[in-house]
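Below, read A as the first sequence line, B as the second, and so on, with proteins coming before strands; counting in each chain starts at 1.
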2 protein chains.
Amino acid sequence: MTASRPTSPASPPTASGTARRPSVKDVARLAGVSVGTVSNVVNGRTFVRAEARERVEAAIAELGFVRNATAKALRTGVSPLVGVAVLDLANPFFMEAATGMERRLNQDGCVMALSSTHSDVEEEARLLHALAGQGVRGILLTPSDTALTVAHEVVGRGIPVVLFDSPATPPDMPSISVDDQKGAELALTHLLGLGHRRIAFLNGPRRVRQARDRLAGVRRAVSLAARRSAGGAGRPASRRPSPNDRVDLVEIPLESFTANAARDRVHQLLLDAGIHAGPAPRPLPASFPTAFFCANDLIAFGAMTALRDAGVRVPTDVSLVGFDDIPMASEMSVPLTTIRQPMEELGWAAAEALFATADGAPVGHRKFLPSLVERASAAPPPDRPDQSGR
Amino acid sequence: MTASRPTSPASPPTASGTARRPSVKDVARLAGVSVGTVSNVVNGRTFVRAEARERVEAAIAELGFVRNATAKALRTGVSPLVGVAVLDLANPFFMEAATGMERRLNQDGCVMALSSTHSDVEEEARLLHALAGQGVRGILLTPSDTALTVAHEVVGRGIPVVLFDSPATPPDMPSISVDDQKGAELALTHLLGLGHRRIAFLNGPRRVRQARDRLAGVRRAVSLAARRSAGGAGRPASRRPSPNDRVDLVEIPLESFTANAARDRVHQLLLDAGIHAGPAPRPLPASFPTAFFCANDLIAFGAMTALRDAGVRVPTDVSLVGFDDIPMASEMSVPLTTIRQPMEELGWAAAEALFATADGAPVGHRKFLPSLVERASAAPPPDRPDQSGR
DNA sequence: CTGAAAGCGCTTACAG
DNA sequence: CTGAAAGCGCTTACAG
């Protein structure tokens with residue numbers, strides 16, 4: 001009365017003609033052991049007798065058995081799936097980061113389910129719910145929503161969420177970010193060190209946090225430089241203020257972090273300075289900035305284009321510094337000096353934080369330091385005022 | 001003797017302090033119905049009595065019940081997870097395509113698990129095995145391996161695979177590709193129509209299929225044009241061969257489809273033609289190509305950079321046509337005329353093919369037609385030979 | 001060291 | 001129209 005190979009009335013539909021995938025039961029039968037032993041072998045339990053293990057391994061090989069991850073997930077309550085929700089799949093920054101996340105996730109046998117929120121709060125909510133319904137082991141999220149409402153809800157359901165590219169420090173979610181202020185400070189200090197004193201900051205829109213933080217960094221570098229020169233090695237009181245010490249900084253916020261916005265704006269700037277398009281080099285007025293710090297590489301790209309359209313040489317006439325170090329930065333017509341965000345490392349760290357939190361580590365908030373990468377687009381300023389008299 | 005709320009000896013570990021996620025059982029109890037009825041409501045079965053349905057819905061709302069997708073997958077044998085394996089996450093082409101895939105997948109309630117093979121056959125194999133072990137509903141694969149060995153194995157296991165950006169036509173896998181030959185033909189026909197007769201084809205390495213196909217298309221357009229002019233409206237036999245009809249085509253294969261490779265090569269070409277770097281426009285020798293067709297947009301970008309570095313104007317002195325229409329194409333210093341691959345549509349179609357195949361539709365191989373998008377980088381050729389005598 | 005059994009959370013014929 | 005029960009493929013105390 002043993003129901004060997006029972007035809008279950010509730011057996012799930014199988015693709016017609018496709019052989020059913022072998023299960024532990026099949027392996028157990030072939031190896032002449034119980035399913036528990038098969039499971040123990042599959043999970044590398046050391047106490048299995050060598051002889052039994054061998055028979056099981058042979059059976060596994062013969063049947064081509066592969067453990068059903070879904071069943072394992074249901075039984076153990078942990079899924080290998082990790083959801084990753086970024087703002088935009090087409091953005092190099094996120095894709096570099098995703099590469100890092102994937103590497104770390106794979107190391108722990110997890111699989112990355114990458115999707116995009118398109119910077120939309122509604123879409124973010126839908127995606128978060130869908131992922132939670134999937135029973136993912138965790139979610140790596142670049143939030144569009146500063147309120148983090150749905151994210152908190154998900155965490156409340158027991159699914160860890162780590163905030164990526166966000167400086168938020170909620171008590172229940174680790175976060176990974178880079179110090180935008182320090183990055184901007186680095187860029188400006190570099191330009192100042194090169195001798196630039198008339199600098200324009202081509203920023204993104206103020207409503208985005210990165211733009212605000214980078215502006216703060218720019219200002220900080222300028223005031224730091226002023227203080228340093230005021231309190232220099234000589235006798236501070238007697239030191240006559242040199243024209244070289246006064247920094248002329250202007251912020252120019254664009255409507256978006258794009259090449260087009262930057263190109264149009266710089267084109268206009270050039271027109272205002274009396275420089276019209278044309279490839280022949282012509283002298284820039286002394287009042288024109290000798291350097292542009294750009295809030296990201298795309299902006300730098302647009303600026304470079306506009307400058308070159310007008311016959312302005314980079315870096316001979318004007319220096320340029322970007323932010324991000326996307327792959328294109330080194331491929332621009334003049335390789336871009338920029339502030340590097342360690343994108344892959346950031347991604348790796350986010351995945352790391354997920355595992356750590358799941359293991360009960362306290363919720364941490366890591367802030368990475370960006371670094372300067374010097375290429376060809378920034379050089380000492382031209383000696384414009386003296387250029388005719390020399 | 002009813003074992004109400006049994007403390008299973010084998011209950012899975014739950015995160016400490018976290019409330020267990022409500023299950024159908026909890027909902028059933030609260031609503032005073034059986035779990036089967038809960039399931040029927042959740043699945044929108046129409047035969048459920050209105051009164052029962054309402055009670056169930058109320059209970060679902062009260063408990064915040066979300067169906068466990070893992071259990072559903074185990075029971076029904078179908079997972080909502082669809083694996084997507086592309087060559088490179090940082091490549092705009094794949095990311096645009098992924099956007100299309102995601103949209104179509106989401107429409108059927110599937111979630112995309114995107115990863116990269118880094119164009120490596122070994123990695124592809126590992127990834128395919130991992131995805132299969134996950135019990136994915138299907139896989140969208142851009143193959144690095146022309147043998148398709150692991151892919152066939154996966155299909156043999158009952159997991160449908162669709163080939164993306166591959167013209168292969170195996171009997172067991174649908175494929176989606178774009179007609180590279182036609183695309184190249186389109187580009188060349190455009191250039192020819194504009195009046196260009198001295199054209200350089202900046203190709204990628206011949207070992208990649210796309211490069212070979214695009215070369216074939218370029219050649220086809222040229223021979224078609226020759227035939228057409230030979231057999232024109234007039235008396236073919238009496239027609240004197242006009243210098244305008246002879247097409248001077250040269251293929252220049254690069255080592256990679258990158259901007260850097262293109263820039264270096266074009267820089268060298270310019271040097272060979274006696275043109276040295278410098279922003280001042282100078283006459284190009286008559287032998288210099290009046291147009292470059294580039295095997296992808298990145299190559300066009302590099303070529304544009306090198307040309308502009310030498311003071312060569314685009315399109316006044318030299319025309320440029322690209323291939324792909326990546327987002328950057330329209331942001332270049334002179335917006336690029338290019339051959340558009342319908343990237344999102346391709347991705348959508350791949351997902352579509354997966355569902356169709358799973359529904360038993362015959363394995364199809366769709367080939368998309370690329371299209372010309374005219375922007376600013378291509379114009380009629382300059383009248384170089386006459387330019388001094390005019 | 002190993003087998004038998006329970007149970008993860010669902011869905012689905014089947015009986016009523 | 002609904003309930004009771006089986007079973008998807010695993011893992012894991014428990015008994016031996």
Side-chain angles (χ1 to χ4, degrees), chain A residues 2-3 5-14 20-29 31-56 60 63 65-80 133-135, chain B residues 2-14 20-29 31-56 60 63 65-80 133-135 158:
Chain A
T2 48
R5 200 174 296 175
T7 303
S8 155
S11 67
T14 56
R20 190 176 53 79
R21 187 174 158 179
S23 75
V24 275
K25 236 185 274 183
D26 301 307
V27 175
R29 197 172 328 154
V33 297
S34 74
V35 296
T37 298
V38 173
S39 177
N40 287 144
V41 169
V42 169
N43 289 297
R45 232 66 75 173
T46 53
F47 54 71
V48 182
R49 205 166 22 116
E51 198 241 346
R53 174 199 313 290
E54 276 157 26
R55 287 216 313 278
V56 169
I60 286 177
L63 296 173
F65 168 79
V66 180
R67 188 218 284 96
N68 181 323
T70 304
K72 181 189 163 114
L74 177 60
R75 182 56 179 76
T76 61
V78 338
S79 158
Q134 269 347 290
Chain B
T2 48
S4 67
R5 200 174 297 173
T7 302
S8 157
S11 68
T14 56
R20 191 175 53 79
R21 190 174 156 177
S23 74
V24 275
K25 237 185 275 183
D26 301 307
V27 176
R29 197 172 326 155
V33 297
S34 72
V35 294
T37 298
V38 174
S39 177
N40 287 144
V41 168
V42 168
N43 290 295
R45 232 66 74 171
T46 52
F47 54 72
V48 181
R49 204 164 25 114
E51 197 243 344
R53 173 198 316 290
E54 276 156 26
R55 285 218 311 279
V56 169
I60 286 177
L63 296 173
F65 168 78
V66 180
R67 189 217 284 99
N68 180 324
T70 304
K72 180 189 164 115
L74 178 60
R75 181 57 179 75
T76 61
V78 338
S79 158
Q134 267 349 287

Chemist: Would you mind classifying the nucleic acid contact of A:A52 as base, sugar-phosphate or nothing, using non-hydrogen atoms under 4.0 angstrom?
Modeler: sugar-phosphate
Chemist: Give the rounded distance in Å between these two atoms: NZ of B:K72 and C1' of C:dC8.
Modeler: 17 Å
Chemist: Should stems be defined as at least three consecutive Watson-Crick or G-U pairs with both distances under 3.5 angstrom, which of them involve DNA chain D?
Modeler: C:1-3 with D:14-16, C:5-12 with D:5-12, C:14-16 with D:1-3
Chemist: At their closest point, which heavy atom of B:A73 faces which heavy atom of B:S79, and how far apart are they?
Modeler: CB-CA, 4.0 Å
Chemist: Applying side-chain hydrogen bond (donor to acceptor under 3.5 Å, both in side chains) as the test, list every pair that has at least one member in residues 65-74 of chain A; sequence neighbours left out.
Modeler: A:N43-A:R67
Chemist: Between B:K25 and C:dC8, is there a contact of a side-chain N or O with OP1 or OP2 at under 4.0 Å?
Modeler: yes
Chemist: Which heavy atom of B:V42 sits nearest to which heavy atom of B:I60, and what is that distance?
Modeler: CG2-CD1, 4.0 Å
Chemist: In whole angstrom, what separates A:R21's CZ from D:dG9's C1'?
Modeler: 9 Å
Chemist: At less than 4.0 Å, is any side-chain N or O atom of A:T37 found next to OP1 or OP2 of C:dG3? Yes or no.
Modeler: yes
Chemist: Base, sugar-phosphate, or nothing: which does B:S39 touch, judged by heavy atoms less than 4.0 Å apart?
Modeler: base
Chemist: Please compare B:R55 and B:A71 by the position of their nearest nucleotide in DNA chain D and report the one closer to 5'.
Modeler: B:R55
Chemist: Could you check which of C:dG9, D:dG3, C:dG7 has an atom nearest any side-chain atom of B:L74?
Modeler: C:dG9
Chemist: Between B:V33 and B:R55, what is the shortest heavy-atom contact and its length?
Modeler: CG1-NH2, 3.6 Å
Chemist: What's the separation between atom CZ in B:R29 and atom CG in B:L63, rounded to the nearest 0.5 Å?
Modeler: 9.5 Å
Chemist: What's the shortest heavy-atom distance between B:F65 and B:V24, and which atoms?
Modeler: CE1-N, 3.6 Å
Chemist: Please tell me which of the listed nucleotides, C:dG9, C:dA5, C:dG3, lies nearest to the side chain of B:R75?
Modeler: C:dG9
Chemist: In this structure, how many angstroms lie between the C1' atom of C:dC10 and the CZ atom of B:R67, rounded?
Modeler: 9 Å
Chemist: Can you name the nearest heavy-atom pair linking A:V56 to A:V38, along with the distance?
Modeler: CG1-CA, 4.2 Å
Chemist: Quick one: A:E54 CD to C:dT2 C1', roughly how many Å, whole number?
Modeler: 17 Å
Chemist: Identify the two heavy atoms, one from A:A28 and one from A:S34, that lie closest to each other, and give their separation to 0.1 Å.
Modeler: CB-C, 3.8 Å
Chemist: Counting only side-chain heavy atoms from C-beta out, which of D:dT11, C:dT11, D:dC1 sits nearest to A:T76?
Modeler: D:dT11
Chemist: Of all of residues 40-48 of chain A, which get a heavy atom below 4.0 angstrom from DNA chain C, listed by number?
Modeler: A:F47, A:V48
Chemist: To the nearest angstrom, how far is A:R53 atom CZ from C:dG3 atom C1'?
Modeler: 17 Å
Chemist: Give the nucleotide from the list D:dC10, D:dC8, C:dG9 with an atom nearest to the side chain of B:N68.
Modeler: C:dG9
Chemist: Check every atom of D:dG3, C:dA5, C:dT11 against the side chain of B:S34 and return the nucleotide holding the closest atom.
Modeler: D:dG3
Chemist: From C-beta outward on B:S23, which listed nucleotide comes closest to its side chain: C:dG9, D:dA5, D:dC10?
Modeler: C:dG9
Chemist: How do A:E51 and B:V38 order along DNA chain C: which one's closest nucleotide is nearer the 5' end?
Modeler: A:E51
Chemist: Take atom CZ of A:F65 and atom C1' of D:dG9, then tell me their distance rounded to the nearest Å.
Modeler: 8 Å
